[in-house]
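Bear in mind the structure is a predicted one, so any value in this text is a computation, not a measurement.
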Amino acid sequence: MINGKKVIVVMPAYNAEKTLEQTYREIPMDIVDDIILVNDASKDNTVQEAERLGIRHIITHPQNRGYGGNQKSCYNKALELGADIVVMLHPDYQYTPKLILAMSSIIANGLYPVVFGSRILGKGALRGGMPMYKYIANRALTLFQNILMNQKLSEYHTGYRAFSRDVLEKVNYELNNDDFIFDNEMIAQIFDAGFEIGEVTCPTKYFDEASSINLSRSIQYGLGVVGVSVGYFLKRLGWISPVIYRHKH
């Protein structure tokens, strides 16, 4: 706990057997109250590895639901367990668990209700091995999104995110896509609901075991991002009202 707030780490896992232990060992258990791992029909021994490490809450999808579908299960379970702060940490060790304390503290002290670990704030992205085409696409998409969404985030595409309970209860993430575009739809929902997003500099690690999407999936994702941003912009003008902005009952 931090400031009397319950901190739960959620890990959306797909074939994370080789990197799970390294990720798990760096989680600051002095402040983290619980860990949830959602196994999205992995083809390796992710579940057995999670059990060996003593992770108590393991959910397995019988069929692969996608990255967004995995997150839905993560957040639903975290809210059910009474989380005040939920940190999404990828179990592929691409993002360091050592930032959990900093990100949780920002929320626990009421500074921001959402915190992202940004790979772009510092100069570490390319040094850490981010492919040049991904770096350029990231910068271009982020500039486009900031203009259309009237924001100033350094990165919209990080997978390292922390949320207050209030945000997860108000944002209707169940309406979002089950694929990678889920992340950007959720950002649009967060801004639409009037919440602000804080950022901390996060070192970047790219290596063989770290999950990544291929070029064709990246293009598909990029087009999806453009669609979400345009939809948000048109909603601000009062021209359309996309389904994802419907409030929870």
Side-chain angles (χ1 to χ4, degrees), residues 8-24 27 34-83 86-95 97 134 156-163 167-169 171-190 207-225 227-228 231 242-246 248-249:
I8 293 184
V9 169
V10 297
M11 295 199 283
Y14 179 68
N15 294 345
E17 176 191 2
K18 291 181 179 173
T19 53
L20 181 57
E21 179 171 9
Q22 194 175 13
T23 307
Y24 177 79
I27 294 173
D34 244 324
I35 297 171
I36 299 163
L37 182 135
V38 178
N39 168 47
D40 202 21
S42 295
K43 295 178 172 68
D44 65 0
N45 293 319
T46 295
V47 170
Q48 291 87 333
E49 182 68 356
E51 288 170 344
R52 184 183 72 80
L53 292 168
I55 295 174
R56 283 195 306 158
H57 303 284
I58 303 169
I59 298 168
T60 294
H61 292 161
Q63 279 93 33
N64 187 281
R65 283 189 54 196
Y67 177 56
N70 192 317
Q71 284 187 67
K72 291 174 188 178
S73 295
C74 284
Y75 302 142
N76 289 343
K77 185 65 177 176
L79 291 175
E80 181 192 313
L81 292 175
V86 179
V87 184
M88 176 173 67
L89 174 67
H90 289 188
D92 63 0
Y93 201 60
Q94 194 177 345
Y95 301 98
K134 286 202 169 182
Y156 284 75
H157 313 289
T158 174
Y160 203 3
R161 304 171 170 216
F163 306 95
V167 169
L168 293 178
E169 285 183 333
V171 164
N172 205 344
Y173 55 81
E174 286 284 2
L175 297 176
N176 294 347
N177 194 287
D178 281 345
D179 207 348
F180 285 98
I181 199 63
F182 174 95
D183 274 355
N184 271 268
E185 289 178 330
M186 198 164 173
I187 293 174
Q189 289 172 323
I190 288 165
F207 51 95
D208 288 343
E209 279 81 27
S211 63
S212 191
I213 57 175
N214 60 33
L215 182 58
S216 65
R217 292 290 297 285
S218 296
I219 292 169
Q220 185 185 343
Y221 169 77
L223 292 172
V225 166
V228 171
V243 172
I244 62 168
Y245 300 110
R246 285 183 190 159
K248 286 185 177 178
H249 297 300

Around atom CD of Gln48, are there more than 12 heavy atoms from other residues, nucleotides or ligands closer than 6.0 Å?
yes
Any idea which heavy atoms bring Ile59 and Ser73 closest together, and the distance?
CD1-O, 4.3 Å
So do the side chains of Arg65 and Val38 get within less than 4.5 Å of each other, counting heavy atoms only?
no
How about His61 and Tyr14: does a side-chain donor come under 3.5 Å of a side-chain acceptor?
no
Over all heavy atoms of both residues, which pair between Glu49 and Glu17 is shortest? Give the atoms and the distance, please.
CG-O, 3.9 Å
Give the intermediate values and the outcome of side-chain contact (heavy atoms from CB on, under 4.5 Å) for residues Tyr221 and Asn184.
CA-CA 10 Å; Tyr221 169 77; Asn184 271 268; 2.6 Å; yes
Heavy-atom closest pair (Tyr173 atom, Leu168 atom, distance to 0.1 Å) is CE2-O, 3.4 Å
Over 60° means perpendicular and under 30° means parallel, so tell me whether Tyr95 and Tyr160 are parallel, tilted or perpendicular.
tilted
Within the side chain of Gln189, is there an N or O that forms a donor-acceptor pair under 3.5 Å with the backbone of Asn172?
yes
Distance in Å, Tyr245 OH paired with Glu185 CD, rounded so as to fall on 0.5 Å steps
8.0 Å
Spacing of Thr23 atom OG1 and Tyr93 atom OH [to the nearest 0.5 Å]:
7.0 Å
Going by an N to O cut-off under 4.0 Å, is there a salt bridge joining Lys248 and Glu174?
no
Please report the closest heavy-atom contact between Pro12 and Pro91, naming both atoms and the distance.
O-CD, 3.2 Å
Do Glu80 and Asn76 touch side chain to side chain, with heavy atoms closer than 4.5 Å?
no
If you define the side chain from C-beta out and look only at heavy atoms, does anything of Gln220 sit under 4.5 Å from Phe180?
no
Return yes when atom CZ of Arg52 has more than 12 non-hydrogen atoms of other residues, nucleotides or ligands closer than 6.0 Å, and no otherwise.
yes
Interatomic spacing from CD1 in Ile36 to CG in Leu81 - rounded to 0.5 Å:
5.0 Å
Mind checking whether Ile244 and Met186 have side chains closer than 4.5 Å, heavy atoms only?
no
Is there a side-chain contact between Asp179 and Arg217 (heavy atoms, below 4.5 Å)?
yes
Option among Val10, Leu37, Val86 that satisfies the side chain to side chain contact (heavy atoms under 4.5 Å, CB included) test with Cys74:
Val10
Assess whether salt bridge (Lys or Arg N to Asp or Glu O under 4.0 Å) is satisfied between Lys72 and Asp178, documenting all intermediate values.
CA-CA 8 Å; Lys72 291 174 188 178; Asp178 281 345; 2.7 Å; yes
Close side-chain approach of Tyr24 to Ile35, heavy-atom, < 4.5 Å:
yes
Under 4.5 Å between any side-chain heavy atoms of His90 and Thr19, yes or no?
no
Looking at Asp40 and Asn64, would you say the former's side chain and the latter's main chain have a donor-acceptor pair under 3.5 Å?
no
Measuring from atom CG of Asn70 to atom CE of Met11, what distance do you get when rounded to the nearest 0.5 angstrom?
11.0 Å
Quick one: pull up CG in Leu20 and OG in Ser42 and give me the separation to the nearest 0.5 Å.
10.0 Å
Under 3.5 Å: donor-acceptor pair, side chain of Thr46, backbone of Ala16:
yes
Give me the atom names and distance for the closest heavy-atom approach of Gly224 to Ile181.
C-CD1, 3.2 Å
Test side-chain contact (heavy atoms from CB on, under 4.5 Å) on Ile58 and Glu51; report intermediate values, then the result.
CA-CA 8 Å; Ile58 303 169; Glu51 288 170 344; 3.6 Å; yes
We want to know whether Asn176 and Gln71 form a side-chain donor-acceptor pair, criterion being a heavy-atom distance below 3.5 angstrom.
no
Minimum heavy-atom separation for Met88 to Gly159, with atom names?
CE-O, 3.1 Å
With a 4.5 Å heavy-atom cut-off, do His157 and Asp183 have their side chains touching?
no
Audit row: Ser218, Lys134, side-chain contact (heavy atoms from CB on, under 4.5 Å) steps and yes/no
CA-CA 9 Å; Ser218 296; Lys134 286 202 169 182; 4.2 Å; yes
